[in-house]
Each structure stands twice: as structure tokens, then as C-alpha cells.
J.: 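Dumping the structure here so I can ask a few things about it.
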Amino acid sequence: MNPTMKLQTQTFNNVPTLPDSYVWSTTPSESPCLHSIDEKQVPPVVDIGDPSAFSLVRDACEKWGVFQAINHGIPLSLFQETEFEARRLFSLPTEQKQLFARLPEGFTGYGLVRISRNFPKLMWSECFGMIGSPVEHASQLWPQDHANFCEVMEQFQVEMKTLCEKLVAVMLRSLGLTNEQDTKWFEPKNESDRAKCFLQLNSYPVCPDPDRAMGLAPHTDSSLFTLLYQGGINGLQVYDDGVGWVDVQPVEGALVVNVGDLMHIVSNGRFKSVLHRVVVNNTRHRISTAFFYLPPWDAKVSPLKKLVEFDHLPMYRQVTWKEYVETKSKDLSKALDSIRI
Ligand SMILES: O=C(O)CCC(=O)C(=O)O
Ligand SMILES: [Fe+2]
């Protein structure tokens with residue numbers, strides 16, 4: 001594990017040069033990104049309220065593992081309020097944010113992104129994770145002034161979860177699965193188990209030397225899929241085998257839908273788990289909100305029966321979510337291979 005998991009006080013504030021621990025040997029500037037104007041070379045923007053959405057979603061998930069969803073029903077104002085509250089949180093002094101530091105194995109609280117432990121260099125980012133109400137942490141931070149933060153974060157999670165439920169149906173229906181029984185994508189341990197969500201606010205402060213730094217190293221999300229609101233500032237890039245790194249240009253009000261490892265498994269390999277990274281810049285502090293859609297901890301996940309019947313062979317063995325997370329935290333790139341049949 002990286003010995004410097006804990007963020008250093010003052011790391012991001014007014015440092016004139018990039019500290020050595022943040023200098024990456026393979027940097028985004030050495031594998032430049034395509035700023036394409038050819039719409040075939042960028043992940044598509046899909047109006048998910050349109051009847052033609054199904055085939056567009058399927059094509060995007062097969063080719064890219066990512067698309068930008070518009071007309072999803074969540075008002076822009078809720079994204080703006082969430083971003084405003086996130087900025088309020090990240091602008092606090094580091095000592096104060098450290099009061100609710102995330103434990104190395106934990107999900108909630110403040111700190112480095114979980115994948116930091118898998119890389120020798122530090123990333124130019126910080127995050128705050130929440131599952132449900134953040135009141136426990138927020139009330140310590142702002143004893144008199146946490147109500148709005150909590151209200152906005154709770155409302156955001158409720159609306160995003162509803163949207164995730166709708167989107168999973170769209171994605172699986174796009175594969176021809178219309179019967180409810182055929183689209184059960186996890187096997188619960190208990191009857192009452194429901195899908196789970198995890199909200200992570202990400203902050204990428206202004207960086208003195210963005211060409212040698214990394215906001216978030218290349219990774220795939222472990223989730224079924226992730227909904228990402230990236231505000232108006234560029235930074236997210238996805239990898240395409242034929243093209244290389246491609247910018248996902250922010251579209252006002254759109255949500256980036258990232259296919260994760262679990263959807264790749266559930267779809268028996270049809271949908272691609274998208275490799276993505278974040279680059280930083282030297283002028284603007286970027287904030288993003290990532291909403292991960294997940295199974296319950298002890299639930300089992302495997303390729304959907306109908307798809308396996310069609311393919312005659314499952315591509316992956318069954319795995320519990322807990323087992324998958326533990327395998328992936330040991331080695332990001334080998335987790336999928338380790339359950340491949
Ligand atoms: O900030 C972004 O655009 C991407 C964030 C991300 O990939 C993540 O939180 O897993
Ligand atoms: Fe991610």
C-alpha cells in the first residue's frame with residue numbers, strides 16, 4: 001500500500017511546483033488525447049426519453065462503454081446545488097477535512113480515491129464519499145450550517161437512484177431482455193436485499209504542472225454503472241482501442257453513463273467496461289460527482305441466464321460483490337481475468 005495514503009496538509013494550496021510524489025512517469029501529455037470534432041469518434045449523447053434510445057444505448061455500450069444521457073429528468077438546478085455544496089466542502093482547510101478521514105478499506109468520508117493504493121504516485125485529487133445521509137460528518141464540520149449540504153446530498157441520491165433503476169432497465173432491454181425475471185442482475189442473499197448506491201464527490205484543484213500530474217489514473221469502475229456529473233470543466237477522458245484517449249466534453253445538464261465491470265459480467269461481455277482517467281489543468285478547480293450503482297455486499301453476480309443460453313457459454317463465473325471488490329483492490333487490472341472462464 002502507498003505509505004502516503006493520507007493527504008498532506010496544504011498539498012494543493014498555493015504550491016508553486018509539483019511535489020515529486022505527484023510526478024508521473026507516464027503522463028497524459030505523453031499519450032495525448034483526441035479532441036475530435038468527428039461525432040463518430042466521441043461517445044454519443046443519447047436522449048433517453050426518445051424511443052430510438054434503446055439501439056443507441058446498446059451501440060454506445062458495446063463500442064465505447066460510455067454515453068452521455070440527456071432528457072433524464074433530473075433538473076440542472078440540482079446538479080448546480082450539489083456542485084456548490086461540494087465546493088463549499090472542499091474549500092475547507094485540509095486539517096478540518098481530515099477530521100472525517102476515510103479509513104483505508106472504507107467508502108465514506110474524506111481522502112484520496114480508493115484506487116490510490118494501487119499506484120506508486122499520488123493523484124492530484126481528493127474525494128468525499130457518502131452512503132445515504134452525510135449528517136454525521138457534516139454536523140461536525142459545520143455545527144450550525146450543515147442542513148443545506150445534507151438536504152442537497154440526500155435529494156441528489158434519491159433522484160439519482162431512481163434514474164439508475166430506469167437506466168438499468170433501458171440498458172438490459174437494449175439487449176433484448178424485456179421480461180422482469182430475465183433482468184434480475186444480482187442474486188440477493190436475503191429477500192429484502194435491494195440495489196445500493198454510493199456517492200463520491202471528486203475535487204481536482206488547480207495544478208501547477210498539469211502535464212506531469214494525473215487527476216485520476218486510468219481505471220474501470222467496479223460498479224454495474226456509474227452516473228457522472230462533470231460540471232462544465234473538461235478533464236474526463238475515455239480509452240478507445242482504435243482511437244486512443246478521447247475527451248468526454250461536458251454537455252450542460254448531461255450525465256455521463258460509465259459502464260462498469262459488473263455490467264460487463266452481467267451482459268456476458270457484450271458491454272464494455274470503459275477505461276477512463278482524469279487530467280487536470282492549471283486554471284480551474286474541477287468538481288465532479290460520481291454515483292455508483294451497486295449490488296448488496298453479499299449478493300452474487302453472474303452473466304444473465306438468457307444471454308448465456310444464447311451464447312452457449314458464460315464468459316465469467318459467479319462472484320459475490322464483496323469478493324469482487326476485495327480482488328479488485330489487490331490488483332485493478334486482474335480482477336476480471338481472475339473470474340473469467
Ligand atoms: O471526475 C471524473 O470525471 C471521473 C471520476 C471517476 O472516474 C470516478 O470517480 O471513478
Ligand atoms: Fe471512475
Side-chain angles (χ1 to χ4, degrees), residues 12 28 33 42-43 45 61 64-69 79 82-83 86-87 89-90 102 106-119 122-131 153 156-157 160 164 196-207 210 213-239 245-264 271-281 284-294 324-325 328-329 332-333 335-336:
F12 300 127
C33 173
V42 294
V45 176
C61 293
W64 291 96
V66 61
F67 61 95
Q68 300 212 55
F79 296 139
T82 308
E83 182 175 338
R87 283 189 190 277
L89 174 91
F90 289 118
R102 184 166 54 72
F107 286 89
T108 61
Y110 172 78
L112 300 172
V113 291
R114 276 175 61 90
I115 59 168
S116 296
R117 77 189 81 192
N118 302 89
F119 295 90
L122 288 165
M123 300 173 209
W124 197 257
S125 55
E126 55 187 335
C127 70
F128 179 70
M130 277 164 269
I131 299 174
M153 296 303 155
F156 186 81
Q157 291 176 74
M160 293 286 269
C164 285
K196 300 267 182 274
C197 299
F198 166 60
L199 168 61
Q200 181 166 284
L201 308 175
N202 296 312
S203 152
Y204 307 91
V206 171
C207 180
M214 188 71 85
L216 208 54
H219 68 284
T220 60
D221 292 345
S222 305
S223 54
L224 188 70
F225 56 81
T226 307
L227 300 185
L228 188 88
Y229 180 69
Q230 56 167 343
I233 304 176
N234 278 48
L236 176 65
Q237 300 180 337
V238 296
Y239 192 79
W245 289 103
V246 178
D247 263 332
V248 181
Q249 295 280 356
V251 170
E252 193 176 67
L255 279 167
V256 179
V257 183
N258 273 349
V259 171
D261 295 349
L262 292 191
M263 181 61 96
H264 177 73
F271 287 170
K272 182 171 157 185
S273 181
V274 64
L275 186 67
H276 54 288
R277 70 180 184 186
V278 177
V279 297
V280 286
N281 72 82
R284 299 174 78 189
H285 182 179
R286 179 173 185 270
I287 298 286
S288 75
T289 55
F291 193 73
F292 301 86
Y293 193 48
L294 313 165
Y324 191 73
V325 170
K328 187 138 178 207
S329 58
L332 291 184
S333 60
L336 273 176

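Ligands are counted one by one from 1 in listed order, and the atoms in each one are counted from 1 as well.
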J.: At under 4.0 Å between heavy atoms, is it the side chain or the backbone of Val113 that contacts ligand 1, or both, or neither?
T.: neither

J.: Got a second to check how far Lys328's NZ is from Ile115's CD1, nearest 0.5 Å?
T.: 8.5 Å

J.: Test Thr226 against every option in Asn258, Asp221, Thr220 by the side chain to side chain donor-acceptor pair (under 3.5 Å) rule and name the one that passes.
T.: Asp221

J.: In Asp221, which N, O or S atom comes closest to the Fe ion (ligand 2)?
T.: OD1

J.: Quick one: does ligand 1 sit under 4.0 Å from the side chain of Thr226, the backbone, both or neither, non-hydrogen atoms only?
T.: neither

J.: Do Phe292 and Cys197 have side chains that approach each other closer than 4.5 Å (heavy atoms only, starting at C-beta)?
T.: no

J.: Could you check whether any side-chain N or O of Gln230 sits under 3.5 Å from a backbone N or O of Val248, counting only pairs where one atom can act as donor and the other as acceptor?
T.: yes

J.: For Val278, counting its heavy atoms only, list the atoms of ligand 1 lying under 4.0 Å from any of them.
T.: 1 (O), 2 (C), 3 (O), 4 (C)

J.: Can you classify the ring geometry of Phe79 versus Tyr229 as parallel (below 30°), tilted (30 to 60°) or perpendicular (above 60°)?
T.: parallel

J.: Is there side-chain contact between Phe128 and Ser203, with heavy atoms separated by less than 4.5 Å?
T.: no

J.: Any non-hydrogen side-chain atom of Gln237 less than 4.5 Å from a side-chain atom of His276?
T.: no

J.: Classify the contact between Phe292 and ligand 1 as side chain, backbone, both or neither, using a heavy-atom distance cut-off of under 4.0 Å.
T.: side chain

J.: Suppose I only count heavy atoms of Gln200 and a 4.0 Å limit; which atoms of ligand 1 are within that range?
T.: 9 (O)

J.: Do the non-hydrogen side-chain atoms of Leu199 and Met160 ever get within less than 4.5 Å of each other?
T.: no

J.: At what distance is the nearest protein heavy atom to atom 9 (O) of ligand 1, and which residue and atom is it?
T.: Asn202 ND2, 3.1 Å

J.: Does His276 come within less than 4.0 angstrom of ligand 1, counting non-hydrogen atoms of the residue?
T.: yes

J.: Give the numbers and elements of all ligand 1 atoms closer than 4.0 Å to a heavy atom of Ala290.
T.: 9 (O)

J.: For ligand 1, which is the ligand I care about here, please tell me if His219 has any N or O atom under 3.5 Å from one of the ligand's N or O atoms.
T.: yes

J.: Just to confirm my output: which protein heavy-atom neighbour is closest to atom 3 (O) of ligand 1, and how far is it?
T.: Arg286 NH2, 2.9 Å

J.: Which atoms of ligand 1 have any heavy atom of Leu216 under 4.0 Å away?
T.: 5 (C), 6 (C), 7 (O), 8 (C)

J.: Which atoms from ligand 1 have a heavy atom of Tyr204 less than 4.0 Å away?
T.: 1 (O), 2 (C), 4 (C), 5 (C)

J.: With a 4.5 Å heavy-atom cut-off, do Tyr110 and Leu89 have their side chains touching?
T.: no

J.: Is ligand 1 less than 4.0 angstrom away from at least one heavy atom of Arg277?
T.: no

J.: Asn258 to ligand 1: N or O pair under 3.5 Å?
T.: no

J.: Only to 10 degrees, please: what angle do the NE2 atom of His276 and the NE2 atom of His219 make about the Fe ion (ligand 2)?
T.: 90°

J.: Using the ring of Tyr239 (Phe, Tyr or Trp, six-membered ring only), decide whether Arg277 places NZ or CZ under 6.0 Å from its centre and within 45 degrees of its axis.
T.: no

